[in-house]
Amino acid sequence: MSIQNIDNVTRRNFIGGMFSASAFVLATDLLPQFAWGDTNENHGKAAAAALKPSLYLGLEPDGTVFIVTHRSEMGTGIRTTLPMVAADEMEADWSKVKIEQAIGDERYGDQNTDGSKSIRGSFVPFREAGAAARLMLTRAAAAQWKVPESECSAVNHVVTHTPSGKKLGYGELAVAAGKLPVPKSSELKLKARSEWRYIGHTAKDPKAIADMKDITSGKAIFGMDAKVEGMVYASIERPPVMGGKVQSLDDKAALQVKGVSQTVSIPPFKPPYTFQPLGGVAVVANSTWAAFQGRKKLKVEWNNGDNATHDSERYKAELLETAKKPGKVVRNLGDVDAAFSKGKIVEASYYVPLLAHATMEPPVAIASFKDGKVEAWVPTQNPQAVQDTVAKALGIKVSDVTCHVTLLGGGFGRKSKPDYVAEAALISKSVGKPVKVVWTREDDIKFDYYHAVAGMYHKASLDDKGKVTGWLHRSVFPSISSMNDEKSLYGFDVEYGMGLNDMPFDIPNQRAENGPAKAHVRIGWLRSVANIYHVFSGLSFADELAHAAGRDSLEYQLELLGAGKVLNLEAQGVGKYWNYGESLDRYPFDTRRLRKVLEIAADKSGWGKKKSGNGWGMGVAVARSFTSYVAAVVEVEVDKAGKIRIPKSYMVVDAGTVVNPERVVSQFEGAAVMGAGIALTGEISLADGRVQQGNFNNYQVPRMAQAPIQTDVHIVESNELPGGVGEPGVPPYVPAFANAVFAATGKRVRELPFSKAKLV
């Protein structure tokens with residue numbers, strides 16, 4: 001069996017096949033406490049940590065450096081950015097670096113390219129991997145010259161003896177360096193920031209994405225491009241209502257379609273739904289087209305189950321009504337009720353509908369079941385979840401599932417949920433051949449793991465100077481936890497810690513509550529997750545309070561933040577703060593950084609230089625998410641017909657140390673487009689339990705005329721630890737847009753999408 005143009009490597013074939021016997025191979029561990037091993041027979045700590053080796057860096061005698069990356073590439077540049085970190089510390093010549101994609105393997109540690117944590121979790125370990133290689137090469141040269149190690153330095157693939165000027169290339173030292181013990185972490189001397197050649201400098205480097213040439217020339221292999229010998233194709237008719245089952249099937253007409261060989265029944269999931277296939281009937285054929293045509297001929301009657309009466313409009317009313325009632329308290333600071341007993345009261349309810357991922361490349365997977373084992377080729381964000389899910393679906397061992405990772409045509413969180421891979425594996429087992437399952441765009445929209453619908457209620461009290469004395473935020477949404485518990489009605493720490501229990505404003509009396517909501521569709525995470533609805537409602541309400549107080553919105557948000565400090569949320573009424581999985585010691589919540597990005601955004605956008613109104617306006621919002629700090633200013637124009645245009649957006653991001661600036665800029669430009677889409681047109685609705693949208697005609701992503709015409713991104717220089725960049729741009733953009741529309745029209749839109757609002 002062969003796969004076209006995809007380089008995937010296992011630990012064994014990386015060491016045993018990629019390199020010659022004389023290569024220098026460095027194995028490192030991505031554990032929080034860095035564990036180093038040596039390369040001789042006595043493997044020491046590296047061998048003790050053999051269940052989680054996650055980065056391999058190797059050097060051939062010809063000077064080629066191989067770096068295996070364990071994260072998935074979906075346009076973010078991570079497949080390039082992580083190796084850049086190691087190459088910089090190694091002092092490798094980038095032109096001599098070859099990047100290889102890791103397969104799914106628990107020994108690589110966490111491989112899930114989700115949660116904006118790839119750089120956060122791997123920056124220091126990748127630096128130490130490169131520094132260890134550099135030190136070993138330096139020691140090998142010093143030993144050969146019989147000179148003190150301190151007299152030698154490594155720069156750009158060459159070790160130099162400073163007093164004599166002698167030089168040895170890395171390739172010449174590979175064999176000797178490979179015989180040395182790997183140094184302990186305490187022996188390493190990481191490069192000073194001023195010495196970095198790749199980290200932070202890639203805005204000027206045409207190799208900001210190593211795959212760019214292949215991607216732009218059509219040579220790159222995405223999941224949809226992958227092929228293996230002897231494979232067949234499958235398209236699946238799935239239950240139109242979540243939890244539905246096949247009641248009767250007539251496949252006679254489908255089997256008459258030229259190219260169709262058979263149909264295969266896929267059993268429905270057993271609650272909870274997790275990453276299981278939805279079930280249904282697969283049509284297997286010798287081409288995608290034949291499979292699609294055969295599927296159209298199927299005659300299936302469904303038992304739609306308990307969700308058959310679900311209706312979005314009724315559910316919306318239910319959520320908003322629940323949000324007006326006391327809920328589960330997730331933050332309680334001071335005495336909100338006492339604050340509400342005096343002063344001016346402002347109240348508002350907000351609503352955000354279900355959202356779909358709608359990636360440019362719909363779900364697709366190849367799986368081959370043979371001799372009790374499965375080999376898969378998948379555009380996945382989480383190859384280890386593929387292994388787990390396929391193993392459970394087929395009743396085999398996780399170690400008997402091999403997952404090769406292709407490039408991804410977008411992810412946004414959808415492709416970390418491998419139900420589509422399990423489908424391919426089940427069908428392959430049934431037909432005895434490799435199977436490629438291809439989802440249509442309609443499948444993608446109708447059978448997604450949707451971003452939760454949410455109803456929010458805010459109430460605040462203002463003193464006679466317009467200052468907020470008390471703030472209540474209630475949020476009601478079907479939780480992601482329903483994925484693992486069908487009886488779940490409430491959220492959990494992760495969702496609370498995304499704009500609900502961590503509102504950064506310096507207000508003496510605050511309470512946050514969560515109300516119950518049952519899930520009627522599959523709920524999953526989408527780029528920036530619960531921040532979408534919590535920050536939209538919270539920062540829109542802050543703008544409402546500024547208006548009620550007769551104040552400028554930006555000045556008011558700065559006042560709400562206070563002078564700035566490191567927040568101790570657990571001391572401010574939060575029982576347990578999630579902090580995006582990071583220690584508060586390493587990643588404190590510092591509102592001074594929020595103030596700074598807000599002030600820079602005001603300066604860059606020329607805030608206040610032009611008066612809003614008469615169809616033109618600016619809006620602003622700020623948020624901390626995924627340990628990064630972002631402010632957005634959005635400029636809008638609204639014509640007499642109510643049509644909205646976005647001439648310019650300004651994004652200011654403090655993400656700590658930035659490795660690949662060009663990619664960060666692209667991420668925030670993309671976040672502006674996605675934020676505009678969520679605000680303007682994003683909506684999934686259901687009637688009789690069925691999703692009403694099915695393609696880009698009725699689930700629209702922003703057209704060119706709707707997208708921001710220009711987005712300026714400013715990166716704040718920082719020596720802090722790297723924060724996330726993939727997701728933090730979306731949360732403040734949506735309320736900044738909403739606030740801009742209010743500034744332009746005087747009409748407050750509290751329910752998304754704006755396409756349903758009457759602005760004139």
Side-chain angles (χ1 to χ4, degrees), residues 235-247 268-269 273 277-281 292 295-296 298 300-320 350-360 362-363 412-414 417 419-420 439-455 476-478 482 517-526 532-533 536 674 676-703 706 734 749-758:
S235 182
I236 303 170
E237 187 73 5
R238 299 173 184 86
V241 177
M242 189 184 78
K245 301 176 182 179
V246 174
Q247 187 165 291
F269 67 83
Y273 55 85
L278 286 167
V281 181
F292 287 173
R295 177 180 166 189
K296 292 177 182 178
L298 287 174
V300 186
E301 292 186 5
W302 302 97
N303 178 341
N304 289 321
D306 296 339
N307 292 309
T309 60
H310 180 63
D311 177 88
S312 291
E313 286 301 312
R314 288 198 303 269
Y315 193 58
K316 169 185 170 183
E318 179 184 324
L319 293 177
L320 291 172
Y350 298 84
Y351 174 78
V352 174
L354 291 168
L355 300 171
H357 295 81
T359 57
M360 289 295 100
F412 308 129
R414 173 59 179 100
K417 308 168 186 71
D419 55 320
Y420 55 103
W439 286 43
T440 64
R441 177 60 64 196
E442 287 76 12
D443 293 334
D444 175 43
I445 300 296
K446 290 184 175 294
F447 303 110
D448 199 0
Y449 284 76
Y450 300 102
H451 181 267
V453 53
V476 185
F477 52 89
S482 61
K518 182 180 178 181
H520 298 277
V521 295
R522 296 194 296 184
I523 301 297
W525 47 91
L526 176 145
I532 291 176
Y533 42 84
F536 162 63
M674 189 169 191
I678 290 170
L680 284 166
T681 58
E683 181 184 29
I684 291 292
S685 59
L686 290 94
D688 297 323
R690 298 171 182 244
V691 173
Q692 299 301 289
Q693 293 73 27
N695 211 313
F696 289 135
N697 63 316
N698 51 17
Y699 187 80
Q700 293 188 11
V701 296
R703 273 53 171 171
Q706 296 170 310
V734 181
V749 178
R750 301 186 181 96
E751 298 182 5
L752 300 184
F754 272 67
S755 58
K756 300 174 72 172
K758 294 182 179 179

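Computation of the quantities below employed the complete heavy-atom set of this structure, encompassing side-chain atoms and omitting hydrogens, waters and symmetry-equivalent molecules.
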Engineer: First locate atom CG of Asp419, then atom CZ of Phe447, and finally report the distance between them rounded to the nearest 0.5 Å.
Structural biologist: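 These two atoms lie 11.0 Å from each other.
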Engineer: As a quick check of understanding, evaluate side-chain contact (heavy atoms from CB on, under 4.5 Å) for Asp448 and Arg414, giving each step before the final call.
Structural biologist: CA-CA 8 Å; Asp448 199 0; Arg414 173 59 179 100; 3.0 Å; yes
Engineer: Kindly indicate whether the side chain of Arg690, heavy atoms from C-beta on, has any atom under 4.5 Å from the side chain of Val241.
Structural biologist: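 They are in side-chain contact.
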Engineer: Is the distance between the ring centroids of Tyr350 and Phe536 under 6.0 Å?
Structural biologist: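 Ring centroids of Phe536 and Tyr350 are less than 6.0 Å from each other.
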Engineer: Where does the angle between the aromatic ring planes of His310 and His520 fall among parallel (under 30°), tilted (30 to 60°) and perpendicular (over 60°)?
Structural biologist: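 Taking His520 first and then His310, their aromatic rings lie parallel (interplane angle under 30°).
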Engineer: Examine distances only and state if a side-chain atom of Lys316 and a backbone atom of Val352 form a donor-acceptor pair shorter than 3.5 Å.
Structural biologist: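 Pair absent, no side-chain N/O of Lys316 close to backbone of Val352.
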Engineer: Using 0.5 Å steps for rounding, measure from the CD atom of Gln692 to the CG atom of Asn698.
Structural biologist: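 Nearest 0.5 Å value for the CD-CG distance: 9.0 Å.
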Engineer: When rounded to the nearest 0.5 angstrom, what is the spacing between CG in Asn695 and CG in Asp443?
Structural biologist: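 The distance works out to 10.5 Å.
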Engineer: Under 3.5 Å, is there a donor-acceptor pair between the side chain of Arg314 and the main chain of Ser312?
Structural biologist: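 A pair under 3.5 Å: no.
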Engineer: Does any non-hydrogen side-chain atom of Leu680 lie less than 4.5 Å from one of Ser755?
Structural biologist: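 No, their side chains stay 4.5 Å or more apart.
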Engineer: If you compare all heavy atoms of Pro702 against all heavy atoms of Ala676, which two are closest, and at what distance to 0.1 Å?
Structural biologist: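 Shortest heavy-atom contact: CG-C, 4.3 Å.
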Engineer: Give the minimum heavy-atom separation between Pro353 and Gly682, together with the two atoms involved.
Structural biologist: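 That would be CG-O, 3.4 Å.
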Engineer: Which pair of non-hydrogen atoms, one from Leu752 and one from Val734, has the smallest distance, and what is that distance?
Structural biologist: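 Scanning both residues completely, I find the closest heavy atoms to be CD1-CG1, 3.9 Å.
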Engineer: Say you draw a straight line from CZ of Phe696 to CZ of Arg441; how long is it, rounded to the nearest 0.5 Å?
Structural biologist: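 Phe696 atom CZ to Arg441 atom CZ measures 3.5 Å (nearest 0.5 Å).
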Engineer: Let me see the working for Leu686 and Asp311 under side-chain contact (heavy atoms from CB on, under 4.5 Å), right down to the final yes or no.
Structural biologist: CA-CA 5 Å; Leu686 290 94; Asp311 177 88; over 6 Å; no
Engineer: Looking at side-chain heavy atoms only, is the closest gap between Glu683 and Val453 below 4.5 Å?
Structural biologist: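 Heavy-atom side-chain distance check fails, nothing below 4.5 Å.
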Engineer: Under 4.5 Å between any side-chain heavy atoms of Thr440 and Phe292, yes or no?
Structural biologist: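 Contact flag for Thr440/Phe292 side chains = yes.
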Engineer: Kindly give the heavy-atom pair with the smallest separation between Tyr420 and Pro363, and that separation in Å.
Structural biologist: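 In this case the closest contact between Tyr420 and Pro363 is CG-CB, 3.7 Å.
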Engineer: Do Asp688 and Thr309 have side chains that approach each other closer than 4.5 Å (heavy atoms only, starting at C-beta)?
Structural biologist: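 Of all side-chain heavy-atom pairs linking Thr309 with Asp688, none is under 4.5 Å.
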Engineer: Does any N or O in the side chain of Lys446 come within less than 3.5 Å of the main-chain N or O of Val691, such that one atom is a donor and the other an acceptor?
Structural biologist: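 Flag set: sc Lys446 to bb Val691 pair under 3.5 Å.
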Engineer: Going from NZ on Lys518 to CG on Asp306, what distance comes out if it is rounded to the nearest 0.5 angstrom?
Structural biologist: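 If we round to the nearest 0.5 Å, Lys518:NZ and Asp306:CG are 6.0 Å apart.
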Engineer: Testing the basics here: between Gly280 and Trp302, what is the closest heavy-atom pair and its distance to 0.1 Å?
Structural biologist: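 Nearest heavy atoms, Gly280 then Trp302: CA-CH2, 4.1 Å.
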Engineer: Quick check for you: to the nearest 0.5 Å, what is the distance between Met242 atom CE and Asn307 atom CG?
Structural biologist: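 These two atoms lie 5.0 Å from each other.
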Engineer: Aromatic ring centroids of Tyr450 and His357 under 6.0 Å?
Structural biologist: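 Not close enough - the centres of the two rings lie 6.0 Å or further apart.
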Engineer: Report yes or no: do Tyr449 and Arg522 form a side-chain donor-acceptor pair below 3.5 Å?
Structural biologist: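 Side-chain D/A pair, Tyr449 to Arg522: present.
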Engineer: Is any side-chain heavy atom of Phe269 closer than 4.5 Å to a side-chain heavy atom of Leu278?
Structural biologist: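 Phe269 vs Leu278: side chains touch.
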Engineer: Return yes if a side-chain donor-acceptor contact under 3.5 Å exists between Thr681 and Tyr699, otherwise no.
Structural biologist: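 Checked: Thr681/Tyr699 side chains show no N/O donor-acceptor pair below 3.5 Å.
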Engineer: Can you check side-chain contact (heavy atoms from CB on, under 4.5 Å) on Tyr273 and Val521, steps first, answer last?
Structural biologist: CA-CA 10 Å; Tyr273 55 85; Val521 295; over 6 Å; no
Engineer: Does one side chain, of Gln693 or Ser685, offer a donor that lies under 3.5 Å from an acceptor on the other?
Structural biologist: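 Yes, Ser685 and Gln693 have a side-chain donor paired with an acceptor closer than 3.5 Å.
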Engineer: What are the two closest heavy atoms between Ala454 and Phe477, and how far apart are they?
Structural biologist: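 Heavy atoms of Ala454 and Phe477 come nearest at CB-CB, 3.9 Å.
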Engineer: Side-chain donor-acceptor pair under 3.5 Å between Ser235 and Arg295, yes or no?
Structural biologist: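 Yes, because at least one side-chain N or O of Ser235 sits under 3.5 Å from a partner of the opposite role on Arg295.
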Engineer: Would Ile678 and Leu355 count as a side-chain contact (heavy atoms from CB on, under 4.5 Å) here? Give the steps.
Structural biologist: CA-CA 8 Å; Ile678 290 170; Leu355 300 171; 4.0 Å; yes
Engineer: I want to check something: taking the side chain as every heavy atom from C-beta on, are Asn304 and Pro239 in contact at a cut-off of under 4.5 Å?
Structural biologist: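 No, their side chains stay 4.5 Å or more apart.
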